[in-house]
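Chain identifiers are assigned alphabetically (A, B, ...) following the order of the sequence lines, protein sequences preceding nucleic acid strands; residue numbering begins at 1 within each chain.
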Amino acid sequence: MFSFILKKIAVILPTFLGVTLIAFTFIRLLPGDPVLLMAGERGMSEERHAALMAEFGFDRPILVQYGSYLKDLFGGDFGTSIITKKPVFEEFMALFPATVELSLCAIFLAVFIGLPAGMIAAVKRGSAFDHVVMTGALTGYSMPIFWWGLLLIIMFSGILGWTPVSGRISLLYFFDSVTGFMLIDSLLSGEKGAFTSALSHLILPSIVLGTIPLAVIARQTRSAMLEVLGEDYVRTARAKGLSPKRVIGLHALRNAMIPVITVIGLQVGVLFAGAILTETIFSWPGIGKWMVDSISRRDYPSVQGGLILIAMIVMIVNLIVDLLYGLINPRIRHTE
Amino acid sequence: MSEVARVEEQQIVEDSRPAGRMALLKEFWSYFSENRGAVIGLVFFIGVVLVAVFADFIAPHGPNEQYRDAFLQPPFWQEGGSITFPLGTDAVGRDMFSRLVHGARYSLFIGCVVVTGALLVGVVLGLVAGFFRGRVDTLIMRLMDIILSFPSLLLALVLVAILGPSLTNAMIAIAIVQQPHYVRLTRAAVIGEMSKDYVTAARVIGVRRMRLMFITVLPNCMAPLIVQAALSFSTAILDAAALGFLGLGAQPPTPEWGTMLAEAREFILRAWWVVTLPGLAILLTVLAINLMGDGLRDALDPKLKRS
């Protein structure tokens, strides 16, 4: 197991270096040099420009610059925002819990609906339920989620007036952030109605963000279950007279879970991509909206830092999923 | 019928199939048409293609033609609507129906360009990686790993930020983000084919490398690539619409569906049709292509069949 872990980490390191190289190159591919970018539209004199180039070290050879960029990264310095003048890492961390809270709710929704739906569809293959689930899943998979979000707003906020349109909590409530998760913080604050307000703000974005993972999980569960249900050991279990519940719940489900867990792990990237759109629609103050805003504000150091931090998180989560996969399925860790 | 039995049956059918293109097509169609959803998807898709081709004849008005006496007019079946603007008008008095019809052109164009670009580059890189193995392979595959470690939409977003927001740049960005999938598929298929007897035979009789790569081996790797092409056609349309929606794809007044949605956002609670219709167009087109993709996968690639 230990060598399996080492091997996985050995593969990820060069990829990580590549990611830093891309982020490093990114800011240099933009028209104009970094100092001019910082100056923005005001512009600056030749001397000031040269002085700043020297101050930030942009006049050094490119390799030296990359070296010091890497050194900064490993020291936890992800650059400074041009707009707010705050460290990018600090900004990222302040907004990150909002995205995590939203993503967790979305993935819970996806798993709790997608898994049973896929399972029942497989067991009742060919039934009306199966057709409905599969049609629904393919529709969800084809959904432009930015439009889906707008539709839900029209329906639930506009016509029915059940949920608020944007933000994380009503402005009526104000309390200190303890965990960064609004649901927990609102409970801790003890203010009446705060939790309900936070929850009602969270529901629509979670549905929107969870739609594609839900569809993927339902499809994957169904196909994995179908495959497992055709295996010999399931037939054996049935033949020796185990109840269908036991055969499906214990023998089949366990083995069908392996590909499903991988798929759930792979949704992290999908969630980040979805968060960009979902957060923009619902004005959810998280990483996705921050990235879009940073791009439109031309705050390139923030874009650069955010890009690398998100890639890091996706890589780490994928690594954990890989390791878990090896843990559940010994065949994987021994053949690789 | 179990998975194994089905695969075996498929192989028997394949082995005894008569030669000739027509027969192959016929066989393909018999598998494809088994899947009712796929046929519905195909019919709808052909409809969209026809609409796109004949947009100039179908659309009653120009896509950017403004009627200053008809702002936000509802569709004809609602009060205040008229048959002149069958699906209503948008905030600056343009006919929704005409814009949607012309939008089909953009979506199909985006899908075609992105898939062609990603497919060409991806297949060449995948062939090179699979044929030469060793360092070249490692280098190419690591590069693909790097691209894949970014969430695709995020990377596309950043690429567009560098290149500048426009439809062309959005297509380039999406193609770059999608091609690693083709590289991986091609490489895996090539490595699988390389150990087969026909490749050894071709080598023994001295077939040159380029011919071996592109004419001997590549056609046998096409099945998963075609399936992937169908699926990434729909992803391309979705991603381009998402970029358009974020203001980083096609720029107004282009009647691209995602861009139309972005323009309509502020009228969301006042005029349902300007928001609902472009999204519905995206959803239905993407859904049709995905249905077709599922059918293609079942017909071409029994190993990938998800029963």
Does any backbone or side-chain atom of [X] lie under 4.5 Å from a heavy atom of chain A? Answer side chain, backbone, both or neither.
X      : value
B:D294 : side chain
B:L163 : neither
B:S234 : neither
B:L154 : both
B:L269 : side chain

Within a 6.0 Å radius of atom [atom1] on [X], are there more than 12 heavy atoms belonging to other residues, nucleotides or ligands?
X      : atom1 : answer
B:R133 : CZ    : yes
B:W272 : CH2   : yes
A:F24  : CZ    : yes
A:F16  : CZ    : yes

If we only count heavy atoms from C-beta on, is the [X] to [Y] side-chain gap below 4.5 Å?
X      : Y      : answer
A:P144 : B:V286 : no
B:L280 : A:W147 : yes
A:M315 : B:L148 : no
A:V19  : B:F150 : yes
B:F245 : A:L150 : yes

Looking at every non-hydrogen atom in both residues, tell me the closest pair between [X] and [Y] and how far apart they are.
X      : Y      : result
B:A161 : A:I295 : CB-CG2, 3.7 Å
B:I146 : A:G18  : CD1-CA, 3.3 Å
B:P151 : A:A273 : CB-N, 4.1 Å
B:R142 : A:T15  : CD-OG1, 4.3 Å
B:N290 : A:S142 : ND2-OG, 2.9 Å

Quick check on the interface: out of [options], who has the most heavy-atom pairs with chain B under 4.5 Å?
options                        : result
A:I276, A:V270, A:L307         : A:L307
A:S157, A:G306, A:G158, A:A311 : A:A311
A:V303, A:I159, A:I281         : A:I281
A:L21, A:I310, A:L151          : A:I310

Nearest 0.5 Å, what's the [atom1]-[atom2] distance between [X] and [Y]?
X      : Y      : atom1 : atom2 : result
B:I268 : A:I153 : CD1   : CD1   : 4.5 Å
B:L153 : A:I145 : CG    : CD1   : 8.5 Å
A:W148 : B:I282 : CH2   : CD1   : 14.5 Å
B:L246 : A:F146 : CG    : CZ    : 8.0 Å

Open item on the list: For A:I154, which atoms come within 4.5 Å of any heavy atom of chain B: side chain, backbone, both, or neither?
Closed with: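 Looking at A:I154, backbone and side chain both touch chain B.
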
Proximity breakdown for A:M143 and chain B, heavy-atom pairs closer than 4.5 Å =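 Both the backbone and the side chain of A:M143 come within 4.5 Å of chain B.
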
**Message:** Heavy-atom pairs under 4.5 Å with chain A: which of B:G258, B:A156, B:S149 has the most?
**Reply:**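 Winner by heavy-atom pair count: B:S149.
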
Next on the checklist: Apply side chain to side chain contact (heavy atoms under 4.5 Å, CB included) to residues B:L248 and A:V292 and explain how you reach the verdict.
Outcome noted: CA-CA 10 Å; B:L248 292 163; A:V292 174; 5.7 Å; no

